[in-house]
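Written below as C-alpha cells is the structure these notes are about.
Hydrogens, waters and symmetry mates are skipped; everything else that's a heavy atom, side chains included, is used. On a predicted model such as this, the values are computed, not experimentally measured, just so you know. Each chain gets a letter, A, B and so on, in the order its sequence line appears, and its residues count up from 1.
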Number of protein chains: 2
Amino acid sequence: MVKLISLYMNLKKHSSTESNILNAAKEIFERKGMAAARMQEIADEAGINKAMLHYYYRSKQLLFEAVFKKAFSTLAPQLNDIINADNSLFDKIKNFTHNYITFIIKHPYLPNFIIQELNRNPEFIEKQLSNKLPNIEKFRNQIENAVKDGHIRPIKAEHLFINIIALNIFPFIASPLLKGFLKVDKTTFKELMEERKTEVVDFILNSIKIK
Amino acid sequence: MVKLISLYMNLKKHSSTESNILNAAKEIFERKGMAAARMQEIADEAGINKAMLHYYYRSKQLLFEAVFKKAFSTLAPQLNDIINADNSLFDKIKNFTHNYITFIIKHPYLPNFIIQELNRNPEFIEKQLSNKLPNIEKFRNQIENAVKDGHIRPIKAEHLFINIIALNIFPFIASPLLKGFLKVDKTTFKELMEERKTEVVDFILNSIKIK
DNA sequence: ACGTTTGTTAACTAAATGGTTAAACTAATT
DNA sequence: AATTAGTTTAACCATTTAGTTAACAAACGT
C-alpha cells in the first residue's frame, strides 16, 4: 500500500514537472519558433531550473520535436475524423469549416507554428509524421463520385481539398497582413473570422454545387 | 571629367557591394528567417567580410529591415496595380490569380517570409509599411456594385478579398504540409500549382457569379 | 532507520554569434 | 610622390546560449 502511494507520488511529481515543461515549451515555441525560443525562457515559463529541461528532454531539438509532434497530433486526427466520417460530402465541408475555425480561434498560434517549422524542415513530415498523416482516399472517392453523379461540377479532389484548407486556415496564418490590408482592428477581424464559419461553407458550396 | 569617372567608379564599387549584401541577406533571411539567419552566413553567401555587413547596414536588425521592406515592396505594388486597374471585377480576379501564381512560382520563399516575420512582429506593418499598403477601396466599391447590380451573389468585400488571397497564396506557404497530406512529390505538386492558375479563377467565379 | 534511486538546483563551461577595431588597401586628387 | 577618403580584411571582444556537473533534497525499497 505504501509502495503504491509512493509510486504514485513519484509518478505525479515526475509527470507533473515533465508536462509543465512541455506546456511551457509549447507556449514559447509556438510564439517564437524554434530558432528564436530560448531554453531559459522556457524554464522561466515553467517556473523551474533550466537543467530540468535537459534532464527530461536531453536537448532543445528533442524538446522541440516533442512539442511539435504533440501539436501536430492535435490537428491531424481531427482532420482525419472529419474527412473519414460516414456522412455526405457537403456535411463534411460544413463540419470541417465549423470545427476547424472554432478550434483555431482557441489555438491561434498552432497552424502558423506547424507550417512555419515544416517549411524550415520539410523532411520532418516524412521522417517523423508519416504515421500521423490523415488518409484522404475516402474523401477523394467521395469527390470523384459526386462529380460522376453530377452533384458537383468537375473538380480534381486535390484542388478541392487544397481550397477547403486554404479558405479555412489562411486567414489565421496571415492575420497581421490581412488586418493591414483591410485596415480593420483586432475586434473587427475576430468578427470576420466568426462570420467565416458560415461564409466559407457558402463560398465553397456555391462554387461546386450544380444548380 | 576624371573626377566624374572616379566618382562613378567609387559609386559602382560601393553600390555593388551594398547590393551584393542585400541580395545575399535576402537569400538567407528568406530561407531561414530573422532568428535563424547568421551574419557570417550572409557574408559567406555574398563572398565578403562580415564587417562589411555592419559597415553598410549597421546591425542585423537594420539589414533585416532593409531586406523585408524590399520584399514587401515587390509584392504590395503588384497587388495594388491589379486591384486598382481600370477593368472589370472578373478580369481583376483572373489577372490577380494568373500574375500572382506566376510570380510566386518564381519567388517561392517570399510569401512565407513576409507572413512569418509579420507574425513575429505584427507592429511592423503599421510602423514601417503603412505607406506601402495597397488601397482596396476601389475594389471594395466594385464588389459592392456588382452585388447591387445582381452580377454576383451577396458577399462582403472583405470575405471575397480574403478568399482570393487565401486560394492563391496558401498552397505555397503550406506546400510541405500539403505535399504530405496529398502524398504527392515535388513535380506533381508543381503541376498542381500550374493548374491552379485557371482552377482558382473557375472556383471563385463559379462561387460568386449568378447563373 | 538507512542506503539507494530519482528529482532539483546553482554554478559552471564551451561554443556560437553580433558587433568592433585597427591596420591595410584602393583609387582619385593635388 | 604625398595626401586623402572611402573600402576591405583579420583579429578581437563581449554577450548570449545550449548544455554539463556536482552537490543537495526528496522519496523510495528494504
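For the residue pair Asn163(A) / Arg196(B), a side-chain donor-acceptor distance below 3.5 Å is found, with atom types taken as modelled. Under the 3.5 Å distance criterion, with hydrogens and angles disregarded, no donor-acceptor pair is assigned to the side chains of Asn99(A) and Asn95(A). No side-chain donor-acceptor contact under 3.5 Å links Asp202(A) and Asn206(A). Remark: the Thr188(A) side chain and the Asp185(A) side chain contain an N/O donor-acceptor pair separated by less than 3.5 Å.
Between Arg38(A) and dA18(D) there is a side-chain N or O to OP1 or OP2 distance below 4.0 Å. At the phosphate of dG7(C), neither OP1 nor OP2 sits under 4.0 Å from any side-chain N or O atom of Thr17(A).
Rounded to whole angstrom, the span from the CZ atom of Arg58(A) across to the C1' atom of dA18(D) amounts to 14 Å. Spacing between atom CE of Met34(A) and atom C1' of dA18(D) amounts to 10 Å, rounded to whole angstrom units. When rounded to the nearest whole Å, the span between OH of Tyr57(B) and C1' of dG18(C) equals 18 Å. Protein atom CD of Glu18(A) is 14 Å distant from nucleotide atom P of dT6(C), rounded to whole Å. The distance from atom CD1 of Ile21(A) to atom P of dT8(C) is 8 Å, rounded to the nearest whole Å. Regarding His54(A), its NE2 atom lies at a distance of 15 Å from the P atom of dT9(C), rounded to whole Å. Computed from coordinates, the Tyr56(A) OH to dT6(C) C1' distance equals 8 Å when rounded to whole Å. Remark: C1' of dT15(D) and NZ of Lys60(B) are 14 Å apart, rounded to the nearest angstrom.
Both Ile48(B) and Gln40(A) lie near DNA chain D, and the one whose nearest nucleotide falls closer to the 5' end is Ile48(B).
Within 4.0 Å of Ala43(A), counting heavy atoms only, lies no atom of the nucleic acid at all. Met39(B) comes within 4.0 angstrom of sugar-phosphate atoms only, judged by non-hydrogen atoms across all strands, and of no base.
Looking at the side chain of Met52(B), the nearest of the listed nucleotides dT9(C), dT7(D), dA18(D) is dT7(D). Residue Ala51(B) places its side chain closer to dA10(D) than to any other of dA10(D), dG19(D), dT9(C). Listed candidates were dG6(D), dT20(D), dG19(C). Nearest to the side chain of Tyr55(B) is dG6(D).
A donor-acceptor contact under 3.5 Å is formed by the side chain of Lys50(B) with the base of dG19(C).
Under a cutoff of 6.0 Å and an axis angle of 45°, Lys132(A) and Phe72(A) do not form a cation-pi pair.
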